[in-house]
There are 2 protein chains.
Amino acid sequence: MKNYSRQREEVLEELKGTYDHPTAEEIYKRVKLKDEMISRSTVYRNLNELVENKIVKRFSSSNSNDRYDYIDEVHNHAVCLKCGKIFDFKYRFNFNRIKETVEEQTGVIIENEGIVFEGICKDCMNEQNNK
Amino acid sequence: MKNYSRQREEVLEELKGTYDHPTAEEIYKRVKLKDEMISRSTVYRNLNELVENKIVKRFSSSNSNDRYDYIDEVHNHAVCLKCGKIFDFKYRFNFNRIKETVEEQTGVIIENEGIVFEGICKDCMNEQNNK
DNA sequence: CATAAAACTAGGAATTGTTATTATTTTATA
DNA sequence: TATAAAATAATAACAATTCCTAGTTTTATG
């Protein structure tokens, strides 16, 4: 992946400028405001390439579409299993020890942003209690 | 959710009897071997209900379909970001402290099986190196 | 600067996992 | 055993994403 595509820059810039972990469709709509001609498949293709090259992280959940986050400084993510929203936070792990254990037992090689916490967010918790 | 449905029992039994974290389609095919008449949507509906009732855990990833695991004894999961496969392992966390931190900073309430490790598995790592 | 090769794009068609719908069957219970 | 609630089978519908084709832009090289 080289870097000369204007469209790819637009997609990446959109992700750099926001902290709300948008979906592909949201990114498409936002980029389209500045670049009327860009197509949906271009956004999808470039998101895939950015993820492939570890410039962007993708989150999947079954109750929301995939969401994306530009990888800048190290932080962890908590994902709501109900609505799929992503929340940033910081925690100092003994990352090397965890990495070793996971690798020994499973063969899976993880990186810093590879520890994901899944649960239920406040909003969804309240909604659950109110019915 | 009451418990009298033969079809739901078949789906759950299938998950109890395996440790390979199958997809909905795989579960459907396996159950269908024993119960020729069961329909795809019945499998999907029952999986949703089992997840909803915390009897089964669902994993989402963008390079594979959702996968399912019967929740029995506590263990952690490592997910391959390339192929979506799930690997079991055990690690003693200071779970309460992590739970507190996540909750304070994000409002997300996690449970034991809510810590997921994402990385690249051996097979995918080799594949990557061989091209 | 000319030009050929490589990489990328737009736009829509096609695919695919999942859910919704509807008519039917099963279950609980009085 | 009558009846209402819940679950089912089968298929249609849906929505997110990828694929495909032709055309455009960029890059590399002489």
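Lettering follows sequence order; numbering is per chain, from 1.
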Query raised in the report: How long is the line joining CG of A:Asn48 and C1' of C:dC8, in whole Å?
Result: 15 Å
Query raised in the report: Looking at A:Glu14, A:Glu25, A:Glu10, which hits salt bridge (charged side-chain N to carboxylate O under 4.0 Å, His left out) with A:Arg30?
Result: A:Glu14
Report task. Establish, with yes or no, whether the OP1 or OP2 oxygen of C:dA10 is under 4.0 angstrom from a side-chain nitrogen or oxygen of A:Arg40. Result -> no
Query - A:Gln7 side chain near C:dA10 phosphate (N/O to OP1/OP2, under 4.0 Å) - result: yes
Query - Given DNA chain D, 5'-ward residue of the pair B:Asn63 and B:Asp35, judged by closest heavy atom - result: B:Asp35
Query raised in the report: Taking N and O atoms by type only, does the side chain of B:Ser5 place a donor or acceptor under 3.5 Å from a partner on the base of D:dA6?
Result: no
**Report entry** Other residues, nucleotides, ligands: >12 heavy atoms within 6.0 Å of B:Lys85 NZ
**Finding:** no
**Report entry** Phosphate OP1/OP2 of C:dT16: any B:Asn65 side-chain N/O under 4.0 Å
**Finding:** no
Query raised in the report: Checking side-chain contact (heavy atoms from CB on, under 4.5 Å) for the pair B:Lys82/A:Glu52: CA distance, chi angles, key distance, verdict?
Result: CA-CA 9 Å; B:Lys82 283 255 186 270; A:Glu52 190 71 25; 3.1 Å; yes
Query raised in the report: Nearest to the side chain of A:Arg8 - C:dG11, C:dC8, C:dG17?
Result: C:dC8
Query - Whole-Å distance separating the OH atom of B:Tyr28 from the C1' atom of D:dT8 - result: 13 Å
Query raised in the report: Closest approach of A:Cys80 and A:Cys121, non-hydrogen atoms and distance?
Result: SG-N, 3.4 Å
Report task. Indicate whether OP1 or OP2 belonging to C:dT18 is found under 4.0 Å from a side-chain N or O atom of B:Tyr44. Result -> yes
Report summary line: Assign each of B:Glu36 and A:Arg58 the nucleotide of DNA chain D bearing its closest heavy atom; nearer the 5' end lies the nucleotide of B:Glu36
Query - Protein-nucleotide distance (A:Lys32, atom NZ; C:dT9, atom P), rounded to Å - result: 15 Å
Report task. Compare side-chain N and O positions of B:Asn46 against OP1 and OP2 of D:dA7 and report whether any pair is under 4.0 Å apart. Result -> no
Report task. Give the nucleotide from the list D:dT18, D:dA7, C:dT9 with an atom nearest to the side chain of B:Arg45. Result -> D:dA7
Report summary line: Side-chain atoms of A:Ser41 come closest, of D:dC19, C:dT19, D:dA9, to D:dC19
